[in-house]
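Here it is: the structure, laid out below.
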Amino acid sequence: PPGTTARMAELLPAWPPFPDTNAALKRLNERYRLGILSNIEQHLFEATAKHFDVEFDFVITGEDVRAYKPSHLHFHRLINAYDGRDSTVHVAQSLFHDGVPAGQLGIPFVWINRRGQKNDTEAKPLAEFPDMASFAEAACG
C-alpha cells in the first residue's frame with residue numbers, strides 16, 4: 001500500500017531465503033560461478049547476504065546500474081563485465097523481471113516456478129523447476 005515502501009526496505013534484510021536455497025546454492029557453487037542480479041540497493045543486499053551460506057562471485061544491484069529489472073541494464077552489465085551471454089544461465093522465479101529480459105538479450109533462462117504459475121509471457125525458459133533443490137539436482141547430477 002502507499003506509504004509502506006520504507007517499511008518494506010526495513011524488513012527486507014530479515015527475510016530468510018527459501019528453505020531449500022542454501023543447500024542448493026552450496027551444491028551449485030561446487031561446480032559453477034554464482035552471481036546475483038537484484039533490484040535492491042547495495043546496503044540492503046549486504047544485509048540480506050548474511051542469510052546465505054555461499055559467497056557470490058558477483059553482485060549487480062539496482063543501485064549499481066541505476067535501474068530496476070525488467071530494464072536490460074542489469075543484464076548488459078552481466079554480459080559486459082562477466083561474459084554473461086555465452087557462459088551464463090540466468091535462474092530466477094520472475095518471468096516478468098528476469099525471464100523476459102534475459103530472453104530478449106539471448107541469455108538462457110531457467111524458471112524456478114515455486115507457485116506453479118502458468119507462463120503467459122514471451123519468456124521461453126530452457127527448463128522449469130518447482131524449487132532450487134530440483135534445479136541443483138538436475139544441474140549437478
Side-chain angles (χ1 to χ4, degrees), residues 1-79 81-141:
T4 60
T5 303
R7 180 73 175 134
M8 188 169 172
E10 290 172 16
L11 295 174
L12 185 66
W15 292 356
F18 287 100
D20 67 309
T21 299
N22 272 317
L25 290 174
K26 282 181 176 176
R27 189 167 185 191
L28 291 162
N29 197 39
E30 292 173 4
R31 295 183 64 179
Y32 304 102
R33 289 186 324 155
L34 301 178
I36 297 283
L37 276 65
S38 176
N39 274 347
I40 64 176
E41 285 75 26
Q42 186 65 34
H43 75 280
L44 291 173
F45 180 77
E46 288 169 5
T48 300
K50 294 175 184 174
H51 297 285
F52 294 111
D53 295 338
V54 300
E55 286 193 36
F56 295 97
D57 295 292
F58 60 88
V59 175
I60 302 169
T61 66
E63 181 178 7
D64 294 332
V65 296
R66 299 177 191 255
Y68 295 105
K69 297 180 292 178
S71 165
H72 289 178
L73 293 176
H74 286 79
F75 299 92
H76 284 298
R77 174 77 57 92
L78 173 67
I79 291 166
Y82 303 103
D83 299 325
R85 196 181 323 255
D86 296 326
S87 64
T88 297
V89 173
H90 187 65
V91 181
Q93 182 274 322
S94 177
L95 293 169
F96 176 76
H97 293 96
D98 296 282
V100 171
Q104 289 169 338
L105 295 171
I107 299 170
F109 171 69
V110 170
W111 185 21
I112 305 301
N113 187 3
R114 291 186 184 274
R115 298 181 185 132
Q117 295 172 294
K118 180 183 174 198
N119 182 354
D120 58 359
T121 72
E122 67 185 71
K124 306 244 183 306
L126 289 175
E128 176 182 334
F129 296 93
D131 52 43
M132 285 294 294
S134 301
F135 170 65
E137 176 63 28
C140 297

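Positions are given from 1 along the sequence.
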| field | Nearest atoms (heavy-atom pairs only) where F109 meets S94 | value |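 So the minimum-distance heavy-atom pair works out to CZ-O, 4.1 Å.
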| request: Nearest 0.5 Å please: distance from the CD1 atom of I112 over to the CG atom of L95. | output: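 Separation between the atoms: 11.0 Å.
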| task | Nearest 0.5 Å please: distance from the CG atom of L78 over to the CD1 atom of I107. | result |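 The CD1 atom of I107 is 5.0 Å from CG of L78, to the nearest 0.5 Å.
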| task | For F18, look at atom CZ and say whether over 12 heavy atoms of other residues, nucleotides or ligands are found less than 6.0 Å away. | result |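 No, the 6.0 Å shell around CZ holds no more than 12 heavy atoms from other groups.
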| task | Measure the CZ-NZ distance between F96 and K69 for me, rounded to the nearest 0.5 Å. | result |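 Answer rounded to 0.5 Å: 11.5 Å.
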| 4.5 Å side-chain heavy-atom contact, D98 and H74 |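 D98 does not reach H74 side chain to side chain.
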| Shortest non-hydrogen contact from P13 to A47? |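 Shortest heavy-atom contact: CB-CB, 3.4 Å.
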| Within 6.0 Å of CD in E10, more than 12 heavy atoms from elsewhere |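 More than 12 within 6.0 Å, yes.
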| query | If we only count heavy atoms from C-beta on, is the V59 to E46 side-chain gap below 4.5 Å? | reply |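 No, their side chains stay 4.5 Å or more apart.
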| request: Starting at CZ of R7, measure out to CG of L12 and round the result to the nearest 0.5 Å. | output: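 Atom-to-atom, R7:CZ and L12:CG are 12.0 Å apart.
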| query | Minimum heavy-atom separation for N22 to F52, with atom names? | reply |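 Nearest heavy atoms, N22 then F52: OD1-CA, 3.2 Å.
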| message | Test: salt bridge (Lys or Arg N to Asp or Glu O under 4.0 Å). Region: residues 19-31. Which pairs qualify, not counting sequence neighbours? | response |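 Qualifying pairs, neighbours excluded: D20-R114, K26-D53, R27-E137.
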| query | If we only count heavy atoms from C-beta on, is the P70 to V100 side-chain gap below 4.5 Å? | reply |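 Answer no - side chains too far apart.
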| What distance do H90 atom NE2 and R85 atom CZ have between them, rounded to the nearest 0.5 Å? |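 CZ of R85 is found 14.0 Å from NE2 of H90.
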| query | Do P108 and T88 have side chains that get closer than 4.5 Å, going by heavy atoms? | reply |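 P108 does not reach T88 side chain to side chain.
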| message | Can you give me the closest heavy-atom contact between S71 and F75, atom names plus distance? | response |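 In this case the closest contact between S71 and F75 is O-CD1, 3.8 Å.
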| query | Has the side chain of R33 got a donor or acceptor atom that lies under 3.5 Å from a matching backbone atom of S87? | reply |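 Between the backbone of S87 and the side chain of R33 there is no qualifying donor-acceptor contact (under 3.5 Å).
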| query | Which pair of heavy atoms, one from P101 and one from H72, lies closest together, and at what distance? | reply |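 Heavy atoms only, the tightest pair is CB-CD2, 3.6 Å.
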| task | Would you mind reporting whether F129 and V91 have side-chain heavy atoms less than 4.5 Å apart? | result |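 With C-beta onward as the side chain, the pair stays apart.
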| task | Answer yes or no: is there a side-chain heavy-atom contact under 4.5 Å between F45 and N39? | result |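 F45 does not reach N39 side chain to side chain.
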| task | Compare all side-chain heavy atoms of K124 with those of N119 and state whether any distance is below 4.5 angstrom. | result |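 When only atoms from C-beta onward are counted, N119 and K124 do not touch, as no gap falls below 4.5 Å.
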| query | Of the non-hydrogen atoms in D57 and Y32, which two are nearest, and what is the gap between them? | reply |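 Heavy-atom minimum between the residues: OD2-O, 4.4 Å.
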| Can you tell if the side chain of P17 reaches within under 4.5 Å of the side chain of M132, non-hydrogen atoms only? |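 Not in contact.
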| field | Separation of I40 CD1 from T48 OG1 (nearest 0.5 Å) | value |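 The distance works out to 4.0 Å.
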| message | Ignoring hydrogens and geometry beyond distance, is a side-chain donor-acceptor pair present between Q117 and Q93 at under 3.5 Å? | response |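 The criterion, which ignores hydrogens and geometry beyond distance, is satisfied for Q93 and Q117.
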